[in-house]
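Input: a single structure, listed below in structure tokens.
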Protein chains: 2
Amino acid sequence: MKNPIYIKIVEDIRSEISSGKLKPGDVLPSETSLCSEYDTSRMTVRKGLSILSNEGYIYSVPGKGYFVKKPDYNKYIFAYDEMSNLINNVDRTKLLSVDIILPDEKLAGSLQISESKKVVMIRRLFYTEGEPMAYDIKYLLYKRGVPIVENEIKNATFPEMISDRTSLYDLNKELIIYAKIPEEKMKKLLHIQNKIALLVVEQKLYDIEDKPIGLGITYFRGDYIKLHGVSK
Amino acid sequence: MKNPIYIKIVEDIRSEISSGKLKPGDVLPSETSLCSEYDTSRMTVRKGLSILSNEGYIYSVPGKGYFVKKPDYNKYIFAYDEMSNLINNVDRTKLLSVDIILPDEKLAGSLQISESKKVVMIRRLFYTEGEPMAYDIKYLLYKRGVPIVENEIKNATFPEMISDRTSLYDLNKELIIYAKIPEEKMKKLLHIQNKIALLVVEQKLYDIEDKPIGLGITYFRGDYIKLHGVSK
DNA sequence: GAGTGGTCTAGACCACGTG
DNA sequence: ACGTGGTCTAGACCACTCC
């Protein structure tokens, strides 16, 4: 017997679900009846069921039983950072400016602060093989006593920039992606002559209480970026 | 005592990790030493550790111990389907055509079939509040005996279209996102007069053995779509 | 050989949902 | 009252790693 019993239980039930023998909403046999079916103890049965539950196949309702869950057929996982994507990776960056500013109404609203609170603005250009491929701007809540070291920011992704004030384990993040026609200013910055669209990625960082820490906007040349996500 | 012991263990270790007391690569106390620390049995300790492992905080190496994992600070989850997004939802669709075609070289390569294999091509327009917001095209492997019911595909998302041949539980999916300037044909279809970019989403469906089932490309008007993802 | 995690047992008590 | 899942115990044997 090389395979543990609970794996057998997982495989059996999983295949009954994906074959359609068990449909969403159906109730599974109870733990005790699976115990006798597989001639094993309750903890072993529970181990198998907890795996199926983690995999999203089933859920349990105390006092009632285990039920088949509807599949999530619209979930995708993206591994995004502003420095790498399907087509090109950023091989050089240029720090355009680091300023301490007062936010306008929109930015203050986005960061959930008053317009009198200072904000650090960091502007960068990303290059690949000598060509500018993205313009990147970050807004960070200004904190006294946290020095801004240019060499640390220069090549850092957004989460890395704030890793000295918030644990990366506690960071909540949000991404908004859209397409846009570049304005003249942006065309100059990114050396765009022909008709090229921008892929804009807005990245918002929150602390563990979901209070905003920073907002980042990256304007990618449309011909230099493809984002990639997968299910599972 | 309302909270179970294993929750206490999870919270203690999790906070030691996010506070930095335990750093990535560090080894955790062994199961038996946690047993005596919390005056509980091994199964209870293991329950807590398995939760931390599922949450991505730690991993175990048989014979050695549990170790702190580096955080994944670039993972985002997107709930994508072509009918709904942050700005607008599709409230009406128009089926432009359903054809059985022979794939060109590029399509055949993408679907990993020979150019003599038939493919179903479905073209749709998506509307919101009377305005066309996206042009959608799907390529599906042609299967004899699986009828194409126009009313079923008209308002279906891509996974729903193939749910009669592949279990939605077994479906693997891939998304590629990029920005593009619309060509004349597309501008007419989407009633684009001014300068508006397209957000293009390519969706590829695979069966459980990762053989391609279909390719979908949706061209969204840039002013009608924002995609949204979150960490966690 | 001593220590580690992985699997498993045969019980126990509890809270919850349904009749 | 009974069946369900949720928590927990005090053991056991195994495979693996390190010395």
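Everything quoted here is computed from the prediction, not taken from an experiment. Sequence lines set the chain letters: A, B, ... in the order given, protein chains first and strands last, and positions in each chain run from 1.
A straight line from CD1 of B/Ile5 to P of D/dA10 spans 10 Å, rounded to a whole angstrom. D/dG11 atom P lies 17 Å from atom CD of B/Glu31, rounded to whole Å. Rounded to an integer number of Å, the gap from CZ of A/Phe67 to C1' of C/dC16 is 13 Å. The nearest whole Å value for the distance from the CD1 atom in A/Ile9 to the P atom in C/dT7 is 13 Å. One atom, NZ of B/Lys8, and another, P of D/dG6, lie 23 Å apart when rounded to the nearest Å. Atom C1' of nucleotide C/dT7 and atom OH of A/Tyr6 are separated by 7 Å, given to the nearest angstrom. Atom-to-atom, CG of B/Leu49 to P of C/dT4 comes out at 13 Å; the value is rounded to the nearest Å. In this structure, A/Tyr66 atom OH and D/dT4 atom P are separated by 12 Å, rounded to whole Å.
Salt bridge annotation for A/Asp136-A/Lys138: present, with a cationic side-chain nitrogen under 4.0 angstrom from a carboxylate oxygen. A salt bridge is absent between A/Lys232 and B/Glu174; no separation between the charged side-chain nitrogens and carboxylate oxygens falls under 4.0 Å. Between B/Glu16 and B/Lys23, no side-chain nitrogen of the basic residue sits less than 4.0 Å from a carboxylate oxygen of the acidic one, so the salt-bridge criterion is not met.
Comparing A/Lys64 and A/Ile7 against DNA chain C, the residue whose closest nucleotide sits nearer the 5' end is A/Ile7.
Side-chain N/O atoms of A/Ser30 include one lying less than 4.0 angstrom from OP1 or OP2 on D/dT4. Within the structure, every side-chain polar atom (N or O) of A/Ser60 is placed at least 4.0 Å from both OP1 and OP2 of D/dT4. Phosphate proximity of C/dT4 to B/Thr32: present, with a side-chain N or O under 4.0 Å from OP1 or OP2.
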Pairs of donor and acceptor atoms involving the side chains of residues 41-48 of chain A, under 3.5 Å and at least two apart or interchain, shall be tabulated with distances.
| residue | atom | partner | partner atom | Å |
| --- | --- | --- | --- | --- |
| A/Ser41 | OG | A/Thr44 | OG1 | 3.4 |
| A/Arg42 | NE | A/Glu31 | OE1 | 2.6 |
| A/Arg42 | NH2 | A/Glu31 | OE1 | 2.9 |
| A/Arg46 | NH1 | A/Glu31 | OE2 | 2.7 |

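Contacts between residues 36-47 of chain A and DNA chain D, defined by a heavy-atom separation below 4.0 Å, involve A/Arg42, A/Met43, A/Arg46, listed by number.
By the side chain to side chain donor-acceptor pair (under 3.5 Å) test, B/Thr32 pairs with B/Ser30, sequence neighbours left out.
A cation-pi arrangement, defined by a distance under 6.0 Å to the six-membered ring centre and an angle within 45 degrees of its axis, is absent between A/Lys8 and A/Tyr38.
Judged by distance alone, the side chain of B/Asp26 and the main-chain N or O of B/Leu22 form no donor-acceptor pair under 3.5 Å.
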